[in-house]
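Here's the structure, in structure tokens; my notes come after.
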Amino acid sequence: MNKIAGLFIAISSFMAGQQQMSLLDCEEAFQKNNLQLLAEQYNINMADADILQAKIWQLPQLSGQINAYNPEGKKAFDIGHAKGAEITQLIYMGGKKKNEIAFAKSNKELAQLQFSQLLVDLRTQLHAAYFNLYYEKLKLDNTNKQLGYMNDLLSAYRAQSAKGNVSLKDEVRLQSLVIQLNNDKLGINKNILEFEQSLKVLTGISDDIEPQLSDVDAKEILATQPFGDENELKKKALENNSDYQYFLKLIDNSKLYAQWQKSLNVPDLNVGAGWDQNGGTFKNEVNLMVGIPLPLWKSNQGNMVKANFAIQQNEKNADYQKLNLETKVQSAYKTWKSQYDQLAEIKSTDLSNMELVYDGMLKNFRKGNVNLIEFTDFMDSYRQTALQIYDMKNEIMQSAEQLNQLIQTKIFY
């Protein structure tokens with residue numbers, strides 16, 4: 001009774017450190033907790049602050065003057081007879097503020113596109129880690145199933161070998177297969193730890209995540225196909241890919257910057273009013289003041305030239321990004337298609353037959369209808385094939401996620 005209670009406590013402790021989560025659950029946790037995403041959001045907030053700052057004008061300047069020394073009355077600081085004050089305000093000309101605000105708003109749009117691209121990239125990492133973990137868990141279950149039987153069989157052969165009833169060669173043959181299975185298990189467990197760590201970082205959940213994905217749902221995901229041919233997918237990618245849209249927006253952004261720099265060459269006005277008690281033509285004189293720099297040369301010429309070069313540079317970068325995106329979509333689609341077609345060649349009946357043959361080999365070996373060499377050869381072949389099929393299914397899902405990452409709109413129906 002105590003052993004059963006202890007086992008129950010151990011199982012409960014193990015399950016407490018795990019959370020069964022669907023992909024949708026992981027996405028919700030990701031959007032709520034992912035630190036990279038939360039940090040990137042501040043770039044948009046800072047861009048809003050830049051827009052606010054661009055709208056602010058320089059403060060008006062207030063200055064005053066008092067008498068320091070009256071030579072007629074030989075009196076220092078004769079404030080009662082000589083003092084004055086003036087107030088001036090800088091008036092922006094040439095649409096400077098308008099252009100500065102437009103440039104700041106364009107910077108916010110760039111920040112939003114960067115946020116969108118990061119969201120897509122991190123979500124793709126989340127999906128990739130989730131499906132990787134799902135298939136590694138299936139591989140682990142399958143490997144453990146084989147190991148359970150093979151370890152029992154090896155123990156029996158060791159006992160019989162010690163008695164001289166079976167040859168040491170047969171024992172070593174079984175031992176070799178067990179070693180291969182244990183090596184598979186070691187690699188699978190290493191991968192599981194890596195994918196669990198990725199999911200923890202992405203979702204902000206400290207517990208190990210157990211993928212909650214049924215066989216039916218997995219089959220439906222594998223069966224879905226992208227809507228449209230290769231050219232249609234390229235068109236959708238150019239319309240929706242945030243990274244490419246960023247470079248297109250960067251061209252507009254650099255043009256706005258160039259326009260702003262050009263407007264900085266237009267002289268601004270300083271307008272103000274002044275009062276002078278005794279220093280002017282009249283007592284208590286009030287004067288209107290206007291000041292403007294003499295536009296003898298373009299004071300911002302260098303920045304204008306630099307801004308125009310930036311436009312040309314961004315246009316070339318956008319052309320490169322377009323070509324790069326189209327090439328990536330083409331490659332990703334062909335990769336997905338070849339993997340999809342390869343798996344489609346394996347019928348569900350073939351997979352069922354493989355399991356039937358596996359069960360049949362186990363039964364016939366126990367009955368002595370199959371010798372050890374035939375049995376171990378089949379088991380080794382089954383071990384490799386089972387792992388390969390799981391990898392094939394996983395690769396299809398990973399390729400589909402890569403297409404989603406590039407096209408960034410719903411394409412699988």
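Atoms considered below: every heavy atom in the structure, side chains included; atoms not considered: hydrogens, waters and symmetry mates.
Other residues, nucleotides and ligands place more than 12 heavy atoms under 6.0 Å from the CH2 atom of Trp57. By the 6.0 Å contact criterion, CG on Leu24 is enclosed, its count of non-hydrogen atoms from other residues, nucleotides or ligands being greater than 12. Counted within 6.0 Å of CD on Glu285, heavy atoms from surrounding residues, nucleotides or ligands total more than 12; the atom is thus considered enclosed.
Ion pair Asp141/Lys137 not flagged as a salt bridge, since none of the NZ, NE, NH1 or NH2 atoms sits closer than 4.0 Å to an Asp/Glu carboxylate oxygen. For the pair Lys190 and Glu136, the salt-bridge criterion is not met [side-chain N within less than 4.0 Å of a carboxylate O]. Under the 4.0 Å criterion applied to side-chain N and carboxylate O atoms, Lys97 and Glu100 are assigned as salt-bridge partners. Lys139 and Asp391 are joined by a salt bridge, as a carboxylate oxygen and a charged side-chain nitrogen come within less than 4.0 angstrom of each other. Checked for salt-bridge contact, Asp50 and Lys108 miss the test: no charged N lies under 4.0 Å from a carboxylate O.
A donor-acceptor pair shorter than 3.5 Å can be found between the side chains of Gln146 and Asn142. Side chains of Gln261 and Asn300: a donor on one and an acceptor on the other come within 3.5 Å. Judged by distance alone, the side chains of Asn107 and Asn253 do bring a donor and an acceptor atom under 3.5 Å apart. Residues Asn394 and Asn132 bring a donor and an acceptor atom of their side chains to less than 3.5 Å of each other. With hydrogens and angles left out, the side-chain atoms of Asp341 and Ser338 include no donor and acceptor closer than 3.5 Å. Under 3.5 Å, the side chains of Tyr246 and Gln117 contain no donor-acceptor pair of N or O atoms. At a cut-off of 3.5 Å, with distance as the only test, no side-chain donor of Gln19 or Glu210 sits close to an acceptor on the other residue.
Applying the ring pair (Phe, Tyr, Trp, His ring centres under 6.0 Å) test to residues at least two apart or on different chains, the pairs with a partner in residues 341-398 are Tyr358-Tyr382, Phe365-Phe375. The ring pair (Phe, Tyr, Trp, His ring centres under 6.0 Å) contacts involving residues 148-172 comprise nothing, where partners must be two or more places apart or lie in separate chains. Applying the ring pair (Phe, Tyr, Trp, His ring centres under 6.0 Å) rule to pairs touching residues 102-148 yields Phe103-Tyr257, Phe103-Trp260, sequence neighbours excluded. Listed by first and then second residue, the salt bridge (Lys or Arg N to Asp or Glu O under 4.0 Å) pairs that reach into residues 372-386 are Asp184-Arg383, Asp380-Arg383, sequence neighbours excluded. Judged as a salt bridge (Lys or Arg N to Asp or Glu O under 4.0 Å), not a single pair has a partner in residues 313-334 (not counting sequence neighbours).
Looking only at side-chain heavy atoms (C-beta outward), Met289 and Asn270 stay at 4.5 Å or farther from each other. Side chains of Gln408 and Tyr244 form no contact here, defined as non-hydrogen atoms less than 4.5 Å apart. Two residues are said to be in side-chain contact when any heavy atoms from C-beta on lie closer than 4.5 Å; Met392 and Leu343 meet this criterion. Between Glu395 and Thr335, the closest side-chain pair of non-hydrogen atoms is not below 4.5 Å. Contact annotation: the side chain of Met379 approaches that of Met150 to within less than 4.5 Å [non-hydrogen atoms, C-beta and beyond]. For the pair Leu122 and Gln36, the minimum side-chain heavy-atom distance is below 4.5 Å. Gln125 places none of its side-chain heavy atoms less than 4.5 Å from the side chain of Ser198. Side chains of Leu213 and Ser22 form no contact here, defined as non-hydrogen atoms less than 4.5 Å apart.
Note: Leu406 CG to Asp243 CG = 10.0 Å, rounded to the nearest 0.5 Å. If you take CG on Asn241 and OG1 on Thr409, they are separated by 11.5 Å, rounding to the nearest 0.5 Å. The CG atom of Leu59 sits 9.0 Å away from the CD atom of Gln61 when rounded to the nearest 0.5 Å. Here the CD-CG distance, from Gln114 to Asn43, works out to 6.5 Å after rounding to the nearest 0.5 Å. Between the CD atom in Glu194 and the CG atom in Asn189 there is a gap of 13.0 Å [rounded to 0.5 Å]. In this structure, CG on Leu35 lies 13.0 Å from CD on Glu40, to the nearest 0.5 angstrom.
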Walk me through it: do Gln41 and Leu38 pass the test side-chain contact (heavy atoms from CB on, under 4.5 Å)?
CA-CA 5 Å; Gln41 178 67 48; Leu38 295 174; 5.7 Å; no

Test side-chain contact (heavy atoms from CB on, under 4.5 Å) on Lys236 and Glu232; report intermediate values, then the result.
CA-CA 6 Å; Lys236 286 180 177 291; Glu232 182 67 20; 3.7 Å; yes

Would you sort out whether Leu147 and Val178 count as a side-chain contact (heavy atoms from CB on, under 4.5 Å), showing the intermediate values?
CA-CA 7 Å; Leu147 264 175; Val178 169; 4.1 Å; yes

Before you tell me yes or no, could you show the steps for Leu113 and Glu109 under side-chain contact (heavy atoms from CB on, under 4.5 Å), namely the whole-Å CA-CA distance, both residues' side-chain angles and the distance that decides it to 0.1 Å?
CA-CA 6 Å; Leu113 286 170; Glu109 292 175 347; 5.5 Å; no

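The side chain to side chain donor-acceptor pair (under 3.5 Å) test applied to Lys234 returns no partner, not counting sequence neighbours. Applying the salt bridge (Lys or Arg N to Asp or Glu O under 4.0 Å) criterion to Lys145, with sequence neighbours excluded, gives Glu355. In this view, Gln31 satisfies the side chain to side chain donor-acceptor pair (under 3.5 Å) rule with no residue, not counting sequence neighbours. Residues passing the side chain to side chain donor-acceptor pair (under 3.5 Å) test with Asn371: none are found, sequence neighbours excluded. Considering only residues two or more places apart in sequence or on other chains, Asn151 meets the side chain to side chain donor-acceptor pair (under 3.5 Å) condition with none of them.
At distances below 3.5 Å, not a single donor-acceptor pair connects side-chain atoms of Ser331 with backbone N or O atoms of Thr327. Between the side chain of Lys410 and the backbone N or O of Phe412 there is at least one donor-acceptor pair closer than 3.5 Å.
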Show me the donor-acceptor pairs, under 3.5 Å and distance only, between side chains in residues 87-96 and residues at least two apart or in other chains.
residue, atom, partner, partner atom, Å
Gln89, NE2, Gln58, O, 3.0
Tyr92, OH, Gln58, N, 3.4
Lys96, NZ, Met93, O, 2.9
Lys96, NZ, Ser263, O, 3.2
Lys96, NZ, Val266, O, 2.3
Lys96, NZ, Asp268, OD1, 2.6

Could you tabulate the donor-acceptor pairs under 3.5 Å formed by side-chain atoms of residues 167-176, not counting sequence neighbours?
residue, atom, partner, partner atom, Å
Ser167, OG, Asp170, N, 3.3
Ser167, OG, Asp170, OD2, 3.3
Glu171, OE1, Ser161, OG, 3.1
Gln175, OE1, Arg158, NH2, 2.5

